[in-house]
Amino acid sequence: MFKIGEFSKLSQVSVRMLRHYDKIDLLVPEKIDEFTGYRYYSAMQLITINRIQELKRMGLSLNTIKEILKNYSDDQSFKNYLKLKKSEIEENMKEMQNQICMIESSIKRLEEDSIMKYNVNVKDMPERKVASLRQVIASYPEEGKLWAMLRAEIAPQNPKFASPSYRSAIYHDKEYKEDNPDVEIQMAVEGDYKDTENVKFVDIDTMKVASVMMRGGYEQIGEVNATVVNWIENSNYEFAGEMFSIYHVGPADTDKTEELVTEICFPIKER
C-alpha cells in the first residue's frame with residue numbers, strides 16, 4: 001500500500017488531483033486510516049490511474065471516464081470501447097474535413113473578382129428522347145443508385161446515348177425534403193427501345209429555361225436558386241415547371257469537388 005504522496009510520485013498525478021478524484025468517486029483510495037485520515041492506494045490502482053490519464057489525453061471528460069471505468073473494466077471490453085471511439089473520431093474528422101472544404105470553397109467564391117457570382121442565361125432545351133427512371137429515395141446522396149439501376153436495366157439493349165446526353169435529375173417534391181425525396185433521372189438516347197421494369201423511354205418537348213452554370217460543390221445550389229429568383233422578379237418571365245440539374249461533369253466522372261460542372265435549369269415562360 002502507498003501513502004498518497006508516494007502514490008502521487010509513482011503515478012505523476014498531483015496530490016490535489018488525487019483528492020479531487022476521490023471526491024468525485026473516480027478513484028477512491030483502497031484504504032483510509034480512520035484515526036489519521038491518511039489515504040492509502042494499492043499497486044493495482046496505479047494501472048487505473050494510468051488509464052484515467054490516458055483517457056484524459058484523449059480529450060474525454062472526467063464524468064465520461066468515470067462511466068468508462070465502470071462499464072469497461074476488463075482489458076477486452078476497454079479495447080472494444082477504444083476501437084469504437086477511434087471509428088467515431090475518424091468519422092468526425094471526415095465531417096470536419098468536409099466542413100473545411102466547404103469553407104474554403106465559400107472563401108474562394110467570395111474572393112472572385114466578378115461582381116456577379118452566377119450568370120443567368122435564357123436558352124431553349126431541344127426536344128429529345130430520354131431513358132427516365134423516377135423513384136423515392138432515402139436521401140439526395142442516394143441518387144447515384146438510381147443511375148446505376150438505369151444503366152443496368154437498359155444495358156442489354158445496347159442503347160446509343162445522345163451527344164450531349166443531358167444527364168439530368170428532376171426534383172418533383174413541392175417542398176425541400178431531407179428524407180425520401182422524389183427524384184427522376186433522365187439520359188438522352190438515340191433510337192427506339194423497350195421500357196424495362198423501372199426505366200421508361202419518353203419524348204421530351206422543347207422548353208425554355210433560365211440556366212445557371214455552377215462549378216464546384218452542390219452546397220452552392222441555395223445561392224444559385226436565390227440568383228435565379230431575383231432575376232425572375234426583374235424579368236418578363238415566370239416559372240413554368242420543376243427545376244432540374246444537368247450533370248456536365250458529375251460525381252461519376254470525378255472525385256474532385258472543384259471539377260464538378262452542373263447546370264441548374266428552371267423552366268420558364270413569358271408573363
Glu127 (side chain) donor-acceptor with Asp203 (main chain) under 3.5 angstrom
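Checked: no pair found.
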Can you tell me if [X] has over 12 outside heavy atoms packed within less than 6.0 Å of its [atom1]?
{"X": "Lys9", "atom1": "NZ", "answer": "no"}
{"X": "Phe239", "atom1": "CZ", "answer": "yes"}
{"X": "Lys177", "atom1": "NZ", "answer": "yes"}
{"X": "Glu90", "atom1": "CD", "answer": "yes"}
{"X": "Asn236", "atom1": "CG", "answer": "no"}

Can you say whether the rings of Tyr81 and Tyr72 are parallel (under 30°), tilted (30 to 60°) or perpendicular (over 60°)?
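Tilted, since the angle between the ring planes falls between 30° and 60°.
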Mutual orientation of the aromatic rings belonging to Tyr40 and Tyr38 [parallel < 30°, tilted 30-60°, perpendicular > 60°]
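Taking Tyr38 first and then Tyr40, their aromatic rings stand perpendicular (interplane angle over 60°).
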Going through the distances and angles, do Ser211 and Glu263 end up as a side chain to side chain donor-acceptor pair (under 3.5 Å)?
CA-CA 7 Å; Ser211 161; Glu263 186 175 2; 2.5 Å; yes
Quick one: list whatever passes salt bridge (charged side-chain N to carboxylate O under 4.0 Å, His left out) with Arg19, sequence neighbours left out.
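If we apply the salt bridge (charged side-chain N to carboxylate O under 4.0 Å, His left out) test to Arg19, skipping adjacent residues, there are no hits.
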Under a 4.0 Å N-O cut-off, is there an ion pair linking Arg51 with Asp75?
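Asp75 and Arg51: salt-bridged.
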Counterpart residues, ring pair (Phe, Tyr, Trp, His ring centres under 6.0 Å), relative to Phe201 (two or more places apart)
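Listed in chain order: Tyr193.
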Glu184 vs Gln186, side chain to side chain donor-acceptor pair (under 3.5 Å): CA-CA, chis, key distance, verdict:
CA-CA 7 Å; Glu184 178 182 358; Gln186 296 179 352; 3.1 Å; yes
Give the minimum heavy-atom separation between Asp173 and Pro181, together with the two atoms involved.
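Looking at all heavy atoms of both residues, the closest pair is OD2-CA, 3.2 Å.
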